[in-house]
Amino acid sequence: MLMRTQVGIVGGGPSGQLLARLLGLEGIDVVVLEKRTPGYLRARVRAGLLEQGTVDLLTDAGVGARLARERLIHEGVQLAFDGRRHRIDLKGLTGKAVTIYGQAEVQKDLMDAHAAAGTRVIYEAEDVSLHGLSNDKPCLRFHTGGEGQEIACDFIAGCDGFHGVSRQAIPQEVIRIYERVYPFGWLGVLSDTTPVNHELIYASSERGFALCTMRSMVRSRYYLQVSAEEDAADWPDERFWGELKRRIPPDAAAALLTGPSIEKSVAQLRSFVAEPMRYGRLFLAGDAAHIVPPTGAKGLNLAAADVRFLAEALIAYYKSGRTDLMDGYSARCLQRVWKAQRFSWWMTNLTHRFPEASPFERRAQAAELAYLVSSEAAQTTLAENYVGLPIM
Ligand code: FAD
Ligand code: DHB
């Protein structure tokens, strides 16, 4: 069957569904193609920390009501090393706070809004492929229920994440890749226990990094740095809790409440940028174009910023025929992307144990942590980046 739309969106994760929402509110016709089932997306546990700019954008998109009711606002964050914790006063240093609200909740709010608005979101879309990118007649082909479909589009938004097909559809000679793969991953556990602390703890230890975060005051999320090839199945709950206790300061370990895990998974750490983020009538947004290691909590927030800029550009085109924002899209996103890349890479270097680090590098890392907690200027720099840079 042949369909038509103005903007064809590949991927129904946070980027794709938020873009669909912002365009839909302006009367721009969209179709979203997502390969997974709604149930899978609603249960997918990933990020948890939203910058104020992301909260504002979700609110503008009309999906901020439950977020406003249920979110936790954090005005500080703790950095732990050498058995002690040090608070970074985000609010005092920057005037800003951050929001804790799970990505799965953002995903559910977006899906519910689309279901209510009647947006065409096609789940379980198989074999999605992009065509006509170079002859100005873009179209998407895919299968649903074994049947071939085609959608003619004015533009395509590639919001299909790191492993998606959109970036792959750009000829190799016009795209430049910058990448660093870290020799470790994060093992994450979700559990219905009271969080060990009311603010996040980023812990650097001889045994590796650990992060204590949360989804609510009754649901905790913890992460451990593990080797890149680690299998979550090799980490029964007792092993996980035991290792976490050894990596966080003794007073936190004593206060830690443990319980059965309700989710456990390993994610490889990677820094990745594909430039430019546009090829003809195809625009990449979110993880399809860039990946940051999760240490700085920037992945989802960067995706939201891309989507804001892309929505602005497409709306300017449809409302007033302007093409300048589309032409400037990639450069505008990449400015922000590289700032977040630098910060995420720096936070990862500061807090993780690198297996190949020399004794000199280990001492320099310890000195950097000590400097950070002794210098208000250094803490201000960290805090400014952590709470999120202004939208420009
Ligand atoms: P995605 O969320 O990846 O969404 C892409 C969507 O496209 C998916 O729904 C996928 O099913 C769909 N798709 C893929 N291929 C196709 C195709 N061929 N056809 C149709 N649909 C397709 N960030 C943080 O800030 N903190 C964290 O703790 C954190 N943890 C993470 C853990 C993991 C395991 C991963 C993978 C990411 C994590 N991130 C984290 C990053 C954050 O979750 C992402 O930045 C965010 O999900 C980006 O949203 P997106 O919509 O751009 O991409
Ligand atoms: C969470 C994840 C992060 O990577 C981070 O830096 C902060 C919070 C989270 O899952 O809550």
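For clarity, every value in this text was computed on a predicted model and none was experimentally measured. Both ligands and their constituent atoms are indexed starting at 1 by order of listing.
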What atoms in ligand 1 come closer than 4.0 Å to a heavy atom of [X]?
| X | value |
| --- | --- |
| R36 | 11 (O) |
| G164 | 15 (N) |
| G161 | 3 (O), 5 (C), 53 (O) |
| V165 | 18 (N) |
| L33 | 20 (C), 21 (N) |
| D160 | 5 (C), 7 (O), 13 (N), 14 (C), 15 (N), 16 (C), 22 (C) |

Are a donor atom and an acceptor atom from the side chains of [X] and [Y] found within less than 3.5 Å of each other?
| X | Y | value |
| --- | --- | --- |
| T381 | E384 | no |
| Y123 | T144 | no |
| Y318 | D154 | yes |

Any cation-pi pair here, R332 with F309, using under 6.0 Å and within 45°?
yes
Would R239 and W235 count as a cation-pi pair here, with the cationic atom under 6.0 angstrom from the ring centre and within 45° of the axis?
yes
Would you call [X] and [Y] a salt bridge, taking side-chain N to carboxylate O under 4.0 Å as the test?
| X | Y | answer |
| --- | --- | --- |
| R176 | E275 | no |
| E124 | K35 | no |
| R221 | E263 | yes |

Please produce the table of protein N or O atoms sitting under 3.5 Å from N or O atoms belonging to ligand 2, one pair a line, distance to 0.1 Å.
| from | atom 1 | to | atom 2 | distance (Å) |
| --- | --- | --- | --- | --- |
| ligand 2 | 4 (O) | P294 | O | 2.6 |
| ligand 2 | 6 (O) | Y202 | OH | 2.6 |
| ligand 2 | 6 (O) | P294 | O | 3.1 |
| ligand 2 | 6 (O) | T295 | O | 3.3 |
| ligand 2 | 6 (O) | A297 | N | 3.4 |
| ligand 2 | 10 (O) | R215 | NH1 | 3.4 |
| ligand 2 | 10 (O) | R215 | NH2 | 2.7 |
| ligand 2 | 10 (O) | Y223 | OH | 2.7 |
| ligand 2 | 11 (O) | T213 | OG1 | 2.7 |
| ligand 2 | 11 (O) | R215 | NH1 | 2.7 |

Close approach, A297 and ligand 1, non-hydrogen under 4.0 angstrom:
yes
Is it true that R44 lies under 4.0 Å from ligand 1, counting heavy atoms only?
yes
Which one holds for [X] and ligand 1: side chain close, backbone close, both close, or neither close, with close meaning a heavy atom under 4.0 Å?
| X | result |
| --- | --- |
| Y223 | side chain |
| A288 | neither |
| L49 | neither |

Just going by heavy-atom distances, which of [options] is nearest to [atom]?
| atom | options | result |
| --- | --- | --- |
| atom 5 (C) of ligand 1 | G12, C159, G11, S129 | C159 |
| atom 3 (O) of ligand 1 | E34, R46, H163 | R46 |
| atom 19 (N) of ligand 1 | V128, I291, L140, T295 | V128 |

Which protein non-hydrogen atom lies closest to atom 17 (C) of ligand 1, naming both residue and atom, and how far is it?
K35 CD, 4.1 Å
Mind listing the side-chain donor-acceptor pairs of residues 56-65 below 3.5 Å, one per line with the distance, residues two or more places apart or on another chain?
| from | atom 1 | to | atom 2 | distance (Å) |
| --- | --- | --- | --- | --- |
| D56 | OD1 | Q52 | NE2 | 2.8 |
| T59 | OG1 | V55 | O | 2.7 |

Treating S261 as the side-chain partner and K264 as the backbone partner, does any N or O pair qualify as donor plus acceptor under 3.5 Å?
no
Whether F209 and Y202 hold their rings parallel, tilted or perpendicular, with breakpoints at 30° and 60°
tilted
Is the shortest N/O to N/O distance between G299 and ligand 1 below 3.5 Å?
yes
Flag W186 as yes when one of its N or O atoms lies below 3.5 Å from any N or O atom of ligand 1, and as no otherwise.
no
